Amino acid sequence: MSSTPKFVNIKELIDKQIVDGYFNRVDIIVRYMYIEFFLGQTHKVDPYELYKKMCIRRLGNTQHANNEDKVMTFVMNYNSLIESVYQNGFYHSSSILLNNESDKKLIDGSHRIAVGLFFGLKELPVEYDNSNRVYKYGFDWFSENNFSQVEMSEIENCYGRALGDLY
């Protein structure tokens, strides 16, 4: 990756995560919900448990996924990111990785996008790996991975809150 990131409007970045007519990065919304929880908002489901469940399901059936310490490392790192942005602002040296300049599909950086959305940033730093990779974490992925109807409903409600100010 290059050392000088480009910047992309966050609305454009979100719009580019639509695949086959559906928003394909619902994992960003779960992370957004976790920020709300971390900063004191209550929900019908526990966003902490929801975030952990998502981490485990995304990692698959591996020893790593079943290791509570590893999942807790994800949680603690995310807590640190939220606190850092809350106290110091977003470091523009920390880029989001997208597949290529025309598709702009997210490869790495869903935590930073969620933080950017939550704190109302207009643009985020990005870099490209010049690939055609597309990761699919749409509502169907959550349904296929045994998220309950109550969990899905809360994610959908948060989807409206998280993206409401963009549209």
Side-chain angles (χ1 to χ4, degrees), residues 1-39 41 43 45 47 50-51 53-55 57-59 74-75 77-145 147 151-167:
M1 294 193 302
S2 67
S3 60
T4 306
K6 297 179 180 186
F7 288 84
V8 172
N9 178 282
I10 198 164
K11 182 184 181 307
E12 177 186 358
L13 189 57
I14 293 297
D15 287 345
K16 291 290 190 170
Q17 305 318 304
I18 295 175
V19 175
D20 299 327
Y22 297 98
F23 184 62
N24 188 47
R25 293 308 300 247
V26 176
D27 58 320
I28 294 168
I29 304 306
V30 172
R31 289 173 170 85
Y32 185 100
M33 187 187 305
Y34 181 83
I35 297 169
E36 291 176 330
F37 160 78
F38 186 77
L39 296 176
Q41 186 172 333
H43 298 81
V45 298
L50 191 66
Y51 175 71
K53 181 178 180 178
M54 182 183 71
C55 289
R57 296 295 195 304
R58 283 185 63 168
L59 291 169
F74 287 131
V75 172
N77 287 341
Y78 195 30
N79 290 349
S80 294
L81 174 65
I82 296 165
E83 286 178 11
S84 175
V85 173
Y86 182 72
Q87 293 175 4
N88 307 309
F90 195 92
Y91 291 117
H92 292 295
S93 60
S94 183
S95 298
I96 293 160
L97 182 62
L98 305 176
N99 67 346
N100 61 62
E101 208 159 341
S102 61
D103 287 346
K104 293 182 175 72
K105 298 296 185 244
L106 179 62
I107 302 300
D108 184 39
S110 57
H111 291 90
R112 287 168 278 164
I113 292 174
V115 167
L117 276 171
F118 187 85
F119 289 109
L121 300 178
K122 299 296 181 207
E123 60 182 17
L124 295 171
V126 300
E127 294 185 27
Y128 304 97
D129 78 350
N130 297 315
S131 73
N132 291 318
R133 291 190 283 174
V134 176
Y135 297 114
K136 293 187 177 183
Y137 295 108
F139 283 106
D140 57 341
W141 180 89
F142 285 84
S143 181
E144 292 164 5
N145 281 276
F147 284 76
E151 291 169 329
M152 295 291 287
S153 178
E154 278 295 288
I155 294 169
E156 288 175 15
N157 289 339
C158 188
Y159 177 81
R161 288 191 306 277
L163 302 183
D165 288 341
L166 292 179
Y167 298 95

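What you see is a predicted model; the values in this text were computed from it and never measured.
- To the nearest 0.5 Å, atoms CG (Asn24) and NZ (Lys105) are separated by 7.5 Å.
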Assess whether side chain to side chain contact (heavy atoms under 4.5 Å, CB included) is satisfied between Tyr159 and Val26, documenting all intermediate values. CA-CA 8 Å; Tyr159 177 81; Val26 176; 5.6 Å; no
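- Remark: Arg25 CZ to Ile18 CD1 distance equals 13.5 Å, nearest 0.5 Å.
- Taking every heavy atom of both residues into account, Met33 and Val45 meet most closely at SD-CG2, 4.5 Å.
- Atom CZ of Phe142 sits about 7.0 Å away from atom CG of Leu50, to the nearest 0.5 Å.
- For Ile82, the side-chain contact (heavy atoms from CB on, under 4.5 Å) criterion is met by Tyr34, Ile35, Phe38, Tyr78, Val115, not counting sequence neighbours.
- Heavy atoms only, all atoms of each residue included: Leu163 and Leu117 are closest at CD2-CD1, 4.0 Å.
- Listed by chain and residue number, Arg161 satisfy the salt bridge (charged side-chain N to carboxylate O under 4.0 Å, His left out) test with Glu36 (two or more places apart in sequence, or in another chain).
- The side-chain contact (heavy atoms from CB on, under 4.5 Å) search around His92 returns Phe7, Phe90, Pro125, not counting sequence neighbours.
- Take Asp15 and apply the side chain to side chain donor-acceptor pair (under 3.5 Å) test, not counting sequence neighbours, and it matches Lys11, Tyr167.
- Contacts of Lys53 classified as side-chain contact (heavy atoms from CB on, under 4.5 Å), with partners at least two apart in sequence or in another chain: Arg57, Phe147, Glu151.
- Ser93 meets the side chain to side chain donor-acceptor pair (under 3.5 Å) test with no other residue; sequence neighbours excluded.
- For Lys104, the salt bridge (charged side-chain N to carboxylate O under 4.0 Å, His left out) partners two or more places apart in sequence, or in a different chain, are Glu12.
- With sequence neighbours left out, the side-chain contact (heavy atoms from CB on, under 4.5 Å) criterion links Lys6 to Glu101, Val126, Tyr128.
- The line from CZ of Phe139 to CE of Met152 is 6.5 Å long, rounded to the nearest 0.5 Å.
- Sorted by first and then second residue, the salt bridge (charged side-chain N to carboxylate O under 4.0 Å, His left out) pairs involving residues 80-93 (not counting sequence neighbours) form an empty list.
- Heavy-atom contacts from other residues, nucleotides or ligands closer than 6.0 Å to CG of Asp20 number 12 or fewer.
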What do the steps show when you test Tyr86 against Phe119 for side chain to side chain contact (heavy atoms under 4.5 Å, CB included), and what is the final call? CA-CA 8 Å; Tyr86 182 72; Phe119 289 109; 3.6 Å; yes
Given the rule in the side chain to side chain contact (heavy atoms under 4.5 Å, CB included) test, do Leu39 and Phe118 qualify, once you have shown the distances and angles that lead to the verdict? CA-CA 11 Å; Leu39 296 176; Phe118 187 85; 3.4 Å; yes
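- Rounded to the nearest 0.5 angstrom, Lys16 NZ and Leu106 CG are separated by 14.0 Å.
- Interatomic distance, Ile29 CD1 to Ile14 CD1, rounded to the nearest 0.5 Å: 6.5 Å.
- Pairs of residues two or more places apart, or lying in two chains, that qualify as side chain to side chain donor-acceptor pair (under 3.5 Å) and include a residue from residues 129-142 are Asp129-Ser131, Asp129-Arg133, Arg133-Tyr135.
- For Arg31, the side chain to side chain donor-acceptor pair (under 3.5 Å) criterion is met by Asp27, Ser110, His111, not counting sequence neighbours.
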